[in-house]
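Reading through the structure tokens given below for one structure.
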2 protein chains.
Amino acid sequence: MSDAADALIEHCREAGQRITGPRRIIANVVVKSDDHPDVSEIYRRVTAIDPGISLSTVYRTLKIFAATGLVERHSFAGGRVRIEPASEVHHDHLIDIASGAVIEFRSDEIERLQALVARELGFELTGHRLVLYGRPLVRTLRRARKP
Amino acid sequence: MSDAADALIEHCREAGQRITGPRRIIANVVVKSDDHPDVSEIYRRVTAIDPGISLSTVYRTLKIFAATGLVERHSFAGGRVRIEPASEVHHDHLIDIASGAVIEFRSDEIERLQALVARELGFELTGHRLVLYGRPLVRTLRRARKP
DNA sequence: CTATTTAATGAGAATCGTTTGCAAATGCAT
DNA sequence: ATGCATTTGCAAACGATTCTCATTAAATAG
Ligand SMILES: [Mn+2]
Ligand SMILES: [Mn+2]
Ligand SMILES: [Zn+2]
Ligand SMILES: [Zn+2]
């Protein structure tokens, strides 16, 4: 149905995996999830389409997609893993502690400094995990002054 | 026995907690743990001193210490929580993917940029989590060239 | 120092997210 | 369509952490 989902299953096939009904559905659900859902939320969305698909299959399939680099698994605060379709450009996340919303951002400056710091410590940076937590700034509303 | 451990139990007392044998021992183990051990490692070290102390007590006590700000709980990659005594100055961590060793570092530049990024997104930065993963640079050994 | 009060402990059961074993179902190459 | 390997659903197993509750021990008052 979606082009991105097709790409997903195509990668799967190339990796020698069979294209099954459950995998098609899970791929579709994942690619249109821009809200970093956890696995049980994915399961909810998947079973809304086909109630017969099991939680095990969702877990297994997500693991395969992740191994193939098609899906990213984040572990923000709180036990459960959150899922997002792999994106072209790397980004990090800010979590709104008021609403729990996940906001994406990218800072080339920070990326650069991370590599630099690692180098200074005698390491080649191979990966990193950056999560910011923030409270929404109370935007001072412009309004009529009391008379 | 240790001054830092004394500070820990003193804080405990001020927080209205009882100073018990297990807590003294756990405090001592924690303050001299500079290697970010996980809870079962702490348990191992604690029971080496007093084999009667239970895992539940270790978990409970660490939670209390964390709530009082005396201990920090990190969740690096891999399920289990890692423990370190709270330090005066904030720092982040780099993990040597070759050995698993945890190296501490501090980058004022990165800290500053994080706050800036958050502000630009409309948030006041309240916390963050930064972990770098790196492979040790092969230090090119100076050695005799082949003749 | 002893009695009283109350919080802390140890042992184990419970929980939660995730993984695994296995028989039945299905994809896919022939 | 046939045959075989892979995938599935189900339930049981798992590992880390938390909880329950009867027992023990710290603090405090006498
Ligand atoms: Mn994202
Ligand atoms: Mn540290
Ligand atoms: Zn990044
Ligand atoms: Zn930091």
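Values in this document were obtained by computation on a predicted structure and should not be read as measured data. Below, chain A is the first sequence line, B the second, and so on; all start at residue 1.
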Nearest of [options] to any side-chain atom of [X]?
| X | options | answer |
| --- | --- | --- |
| A:Pro22 | C:dC28, D:dT8, C:dT18 | D:dT8 |
| A:Leu55 | C:dT18, D:dT8, C:dT20 | C:dT18 |
| A:Arg18 | D:dA5, D:dA25, C:dG10 | D:dA5 |
| A:Tyr59 | C:dG10, C:dT18, C:dT9 | C:dT18 |

State whether the number of non-hydrogen atoms from other residues, nucleotides or ligands found under 6.0 Å of B:Arg80 atom CZ is greater than 12. no

Whole angstrom is fine here: how far is it from [atom1] in [X] over to [atom2] in [N]?
| X | N | atom1 | atom2 | result |
| --- | --- | --- | --- | --- |
| B:Phe76 | D:dA16 | CZ | P | 17 Å |
| B:Ile53 | C:dG12 | CD1 | C1' | 18 Å |
| A:Ile42 | C:dG17 | CD1 | P | 15 Å |
| A:Ile19 | C:dA29 | CD1 | P | 11 Å |
| A:Asp38 | C:dT18 | CG | P | 8 Å |
| B:Tyr43 | D:dT17 | OH | P | 14 Å |
| A:Arg13 | D:dT7 | CZ | P | 13 Å |
| B:Glu41 | D:dG15 | CD | C1' | 17 Å |

Could you check whether [X] gets within reach of a base, just the sugar-phosphate, or nothing at all, counting any heavy atom under 4.0 Å?
| X | result |
| --- | --- |
| A:Ser56 | base |
| B:Arg60 | base |
| B:Gly21 | nothing |

Could you tell me whether the phosphate oxygens of C:dG10, OP1 or OP2, come under 4.0 Å of any side-chain nitrogen or oxygen in B:Thr57? yes

Hey, is the side chain of B:Arg23 poking within less than 4.0 Å of OP1 or OP2 on C:dT9, counting only N and O atoms? yes

Between the OH atom in B:Tyr59 and the CD1 atom in B:Ile26, the distance rounded to the nearest 0.5 Å is 12.0 Å

Mind checking whether B:His36 and B:His74 have parallel, tilted or perpendicular rings, split at 30° and 60°? tilted

Indicate, with yes or no, if the rings of A:His91 and A:Phe105 have centres closer together than 6.0 Å. no

Does A:Lys32 pair with A:Asp34 as a salt bridge, N-O distance under 4.0 Å? no

Could you check B:Arg73 against B:Thr20 and say which one's nearest nucleotide on DNA chain D is further toward the 5' end? B:Arg73

Return whichever of B:Gln17 or B:Arg80 has its heavy-atom-nearest nucleotide of DNA chain D closer to the 5' end. B:Arg80

Tell me which of B:Gly16 and A:Ser40 sits closer to the 5' end of DNA chain C, going by the nucleotide each one is nearest to. B:Gly16

